[in-house]
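The next block holds one structure in the form of structure tokens; read it before the comments.
We use all heavy atoms of the structure for the numbers below, so side chains are in, but hydrogens, waters and symmetry mates are not. Here the structure is a predicted model, which is why all the values come from computation and not from measurement.
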Amino acid sequence: MRIAEISATPDHRRASATTSVAIDTDSDHSAVLSKIESTIKSLERHSPAHPLPDSYSSELRPPVGQLSQLAHLPNSVKLVVWKLSYRLWNACVDLSNASSRKISEELAKLRQVAAEMLLVTADVVGIPSPEFKSAMFFYKTGLIWYDLRKFDLANTCFEKATDLVSNIDINSVSDEDERKLILDINLARSRASWEVLDRNLAVALLNRSKNVLFGVSRNYNALAHQYLSFGKTLLSASEVSTVNEALKLMNDALELCEKGLRVVKRTEDTLNLKELRLKTLRFIAAAHLQSDEFESVLKCVKVLREVGSGGDHHPSLSVLAMKAWLGLGRFSDAEKELRGMVLNKGIPECVWVSAVESYFLAAGAAGAETVKAVFLGLLERCHVSAGAAIRVVNRVVGNGLSNGEGMKVRAKVVAELVSDERMVALFDRDGAAKERTTIHALLWNCATEHFRSKDYLLSAEMFEKSMLYVPHGIENRNLRAKGYRVLCLCYLGLLQLDRAEEYIDEAEKLEPNIASSFLKFKIFLQKHDHSSAIAQMQAMPSCLDFTTDFISLAAHEAVACRSLPVAIASLSQLLNFYCSGKAMPINEVVVFRTLVTILSQDPANDTDVLKHMKRAHVRQSDIGADLFFGKCEVGTREKNWFAANAWNFGVRTGQEKNYDLSAEFFKLASEFYEIVCDGETERNEEMICKSIILAVSAIIADEKHQKGTLQEAEIRQAIELLGRAGKILTSSSISNRKNDDEVAAIEPYFFFVYTWCAFDLYSRLSDMSGQQLLLVKNLASSKSCNPKHLIQIGLEASQGPRSNPEVAIFALNASLAALLASPSPDYQTVALVLRNLISVGTVHKGDPDGDSIMEMYKQAYRIMVGLKEGSYPTEEGKWLVMTAWNRAALPVKLGQVDSAKKWMTIGLELAMKVSGMQMYRSCMEDYLAGFEKNLNGQDHGESRAPPVS
């Protein structure tokens, strides 16, 4: 407020006039005062609409400082200084009152300058109580610094005010305002000390203030209020170490209230002190509660309720009592207090909500039913806001989720609470849209947590209750559809498929989208309705928000459910999108690989496997191997997977005598092995060659298995295919070094199969027959040649439908030479070769008495010479003996004596090397002796050698 100017008496006016004359004569005083007055006038003219510059205080400080240095100021000058100080103070007040802005530091500085001016002239004569007036300036300036949070400056002002009034005899002060000022300065200084954490000084100043109460009830009230304020501050820190200190301060406040009531004179002061005493007792009870002194809390509550005529009915008493009973573990008494709050309509909403939260926090799941009953009772008796309902629901739900104890009990209570018609109506009011959204989100999040913990039944119940808080307007269609979808998920988890389908049907009515379509697909999967699941999957692309991720997800779901037909259909559908340019969830090669893997689980799908593997090969040809398979090791690994699986399928189908598929798989394997991916330097020539050879062998095997005949075009294609393998064999015929060992690039078996297949195919074409002998000679000359392979070719060439005696004789002779070159020849095989050589030679030469045939028998005899008995197969030896001896029959008949004698002689010689032919040998010797005797006796009669059987 504006301080009135000093009302001067005539004597004072004369003194002022005298002072003015003195200043005029004193140039130093005049100059200083002139500067001060000039600045004050400028300040008085300053418009409140503009911010106050810092120049005023900086202009005033130097002359005020000079004024304090001038000694022995005349009293007239002092009076002028007082007048200027009041003018400066009032100008600051006017600027503060006229401005809507917060008081600035500049105004605080100017007020402090005004106070300093009074301090310089505090001993002025003619001013009543100048020390109190100067102290008041410093006190009010300190309050401004305090409000500006400049506590050091505030404390300085309060200390100067204290110094000004400290030398005054308290008993001589009779003015009530001056007495009040002494107390106010102490209290203000105490507050400033408290703010800078000098608590000891702050409390000491309060204690000192007890001496300046002057028996005035208002002063008791002010000091008690300050004690209580400090106690509340300490109590709010929630530190155990400060509770006792807070209690001491509040007890001092209580004591001051009691003393004040004994000296009180006015009714208003009596009511204020009584109210402060009750308030202090409540905070004392709160302090006891904080230090877990529950019995003391109940004592305080009892005193408060019994005090006066009607007792204290403050809402906090029920909360304090309830918490104390809870602390003592007496839940029934706590429940009584809580239920008693329902009957008190005057209890503020925030109080009973806090009480409900505290009760449930202590009682847990056991108190859930009580909380529900109390809340519903409050709904009936008084106005409850939607925000309060949210707090209660949040407390019940949140606490249950935090510790997991009694989760189902809490969820059940929440479900019953939020489904109550009164509760729903509370959120259905106008203006409760925000709160309705909050309660829906709270229930939704609770349901989500239960869903994550796989408690689908509880989750479904909470989701259903959240739907109660979704309005039916068109703007909420999406939210309702979302609720139906999550309910569908819950019942899917519970395997209640019909109910899940009902919910998703409702969701589709409200908002048909890809999520609903996918959930319906999942339901069909769970029902094992494969055809409906496939149809639903194929309908997904028609959804406006469709992305290919859902087809990929459908495939994963189908695999997880072991619904392989659905998985195959989904993956096949997914492959159709790779040419569309859409962003795809996974690499195309992965889809092909997964599809082939699934199809391979059933041998009946071999044809589909081949189709998709061929499709993968075509795709890599179209977009490039690096883009299809990937780069570096990844690409190589993917390519080798397809190649190796094509090979394995070829082997398996071949073993199952499904030779046409086997041939296709082997051809495909060779094509995959031919691909060179990023990071590879060359093709896998070895596997290409093997795959081609096995493919052609499967073609030939299929012809025989089907008892069909290859067309000439098919034959020439097979020969062309084998030509590629032949080039690789030629380049690989020279062994390569590996760990200093000679290792053939291609196994001998494949060289044989290649030769066998080529021999077979060449035999079918008239213009290729000359190539057969060359093929066999190449095989025979290779390091990997095996005599048994030559025998097989020789037998085929001699006995097959398209025989080639020349090739047969060469192959059999080459195999015989290789067999005999062995350290331990297999004479069973040697005998077989000799028999076939004799048979082929006989047929091919057309002359059974030819020298080449005879030479074969003689070779057999030479082989038998020196062998242990039984080394050469007896049956084969007997065959040689019989056929050689019987070959003499025709020459004998024709009279070709020499030829007959040669055959009988070789037969007898062979018989001598074969065990078990002693009887035959004797007969043969007798006949040969008789034959020679007849020859010597010029017996030209017809003679016939006896056949040996």
One should read off an interatomic distance between L249 CG and L206 CG, to the nearest 0.5 angstrom, of 7.5 Å

When rounded to the nearest 0.5 angstrom, what is the spacing between CG in L143 and CZ in R111?
10.0 Å

Point-to-point distance, once rounded to the nearest 0.5 Å, from CZ of F158 to CG of L153
11.0 Å

For V263 and Y220, the nearest pair of non-hydrogen atoms, with its separation, is CG2-CE1, 3.7 Å

Output yes when E195 and R149 qualify as a salt bridge under the 4.0 Å nitrogen-oxygen rule, no when they do not.
yes

Please answer whether the main-chain N or O of V125 pairs with a side-chain N or O of N75 as donor and acceptor at a distance below 3.5 Å.
yes

Here the gap from C92 atom SG to K109 atom NZ, rounded to the nearest 0.5 Å, amounts to 12.5 Å

Determine the minimum heavy-atom distance between I127 and V124, stating which atoms define it.
CG1-CG1, 3.5 Å

Does the side chain of K323 come within less than 4.5 Å of V319's, by heavy atoms?
yes

Do S129 and E178 pass the side-chain hydrogen bond (donor to acceptor under 3.5 Å, both in side chains) test, and can you show the C-alpha distance, the side-chain angles, and the key distance before you say yes or no?
CA-CA 9 Å; S129 304; E178 291 178 357; 3.0 Å; yes

W82 side chain near K133 side chain, heavy-atom distance below 4.5 Å
yes

Between K259 and E255, does at least one N-O distance fall below 4.0 Å, as a salt bridge requires?
yes

Of the non-hydrogen atoms in M250 and G231, which two are nearest, and what is the gap between them?
CG-CA, 4.2 Å

Kindly indicate whether the side chain of F151, heavy atoms from C-beta on, has any atom under 4.5 Å from the side chain of W145.
no

Can you tell if the side chain of L60 reaches within under 4.5 Å of the side chain of L43, non-hydrogen atoms only?
no

I'd like to know if the side chain of K160 and the backbone of S134 have a donor-acceptor N/O pair within less than 3.5 Å.
no

Within-4.5 Å side-chain heavy-atom neighbours: Y86 and L118
yes

Which heavy-atom pair separates L235 from A287 by the least distance, and what is that distance?
CD1-CA, 3.5 Å

I'd like to know whether NZ of K274 has more than 12 heavy-atom contacts from other residues, nucleotides or ligands below 6.0 angstrom.
no

So that I can tick it off, tell me whether R61 and E116 are bridged by a salt bridge, with the cut-off set at under 4.0 angstrom between side-chain N and carboxylate O.
no

Using a 3.5 Å distance criterion without hydrogens, assess whether the side chain of S229 forms a donor-acceptor pair with backbone atoms of Q226.
no

Identify the residue among L298, V297, L304 that makes a side-chain contact (heavy atoms from CB on, under 4.5 Å) with L320.
V297

Between E275 and R282, does a salt bridge (Lys or Arg N to Asp or Glu O under 4.0 Å) hold up when you go through it step by step?
CA-CA 11 Å; E275 180 61 34; R282 288 194 294 270; 3.7 Å; yes

Residues K265, S217; criterion side-chain contact (heavy atoms from CB on, under 4.5 Å); working and verdict
CA-CA 8 Å; K265 295 178 181 178; S217 60; over 6 Å; no

Distance from L273 atom CG to N221 atom CG, nearest 0.5 Å?
5.0 Å

Under the criterion side-chain contact (heavy atoms from CB on, under 4.5 Å), I'd like the reasoning laid out for N272 against E268: C-alpha separation, chi angles, the key distance, then a yes or no.
CA-CA 6 Å; N272 288 338; E268 181 184 354; 3.9 Å; yes

With a 4.5 Å cut-off on side-chain heavy atoms, are L281 and V303 touching?
yes

Is there a donor-acceptor pair under 3.5 Å between the side chain of S42 and the backbone N or O of S38?
no

Using a 3.5 Å distance criterion without hydrogens, assess whether the side chain of S190 forms a donor-acceptor pair with backbone atoms of N186.
no

With side chains defined as the heavy atoms from C-beta onward, is the minimum distance between E131 and V165 less than 4.5 Å?
no

What residue pairs, at least two apart or across chains, pass salt bridge (Lys or Arg N to Asp or Glu O under 4.0 Å) with a residue in residues 217-233?
E176-R218

What class does the angle between the rings of H46 and H50 fall in, given that below 30° is parallel, 30 to 60° is tilted and above 60° is perpendicular?
perpendicular

Taking every heavy atom of T141 against every heavy atom of C157, the minimum-distance pair comes out as CG2-SG, 3.9 Å

If you apply the rule side-chain contact (heavy atoms from CB on, under 4.5 Å), what do you find for E105 with K150, and how did you get there?
CA-CA 10 Å; E105 288 191 19; K150 302 288 185 180; 3.1 Å; yes

Kindly indicate, with the supporting measurements, whether the criterion side-chain contact (heavy atoms from CB on, under 4.5 Å) is fulfilled by I36 and M117.
CA-CA 10 Å; I36 294 173; M117 290 171 66; 3.8 Å; yes

What closest approach, in Å, do S85 and A114 show between heavy atoms, and which atom pair accounts for it?
OG-O, 2.7 Å

Can you measure from CD (E159) to CG (D163) and round to the nearest 0.5 angstrom?
7.5 Å

Should L256 and L276 count as side-chain neighbours, where that means a heavy-atom distance under 4.5 Å?
no

Do any N or O atoms from the side chain of E37 and from the backbone of L84 form a donor-acceptor pair under 3.5 angstrom?
no

Between Y139 and Y146, is the ring centre distance below 6.0 Å?
no

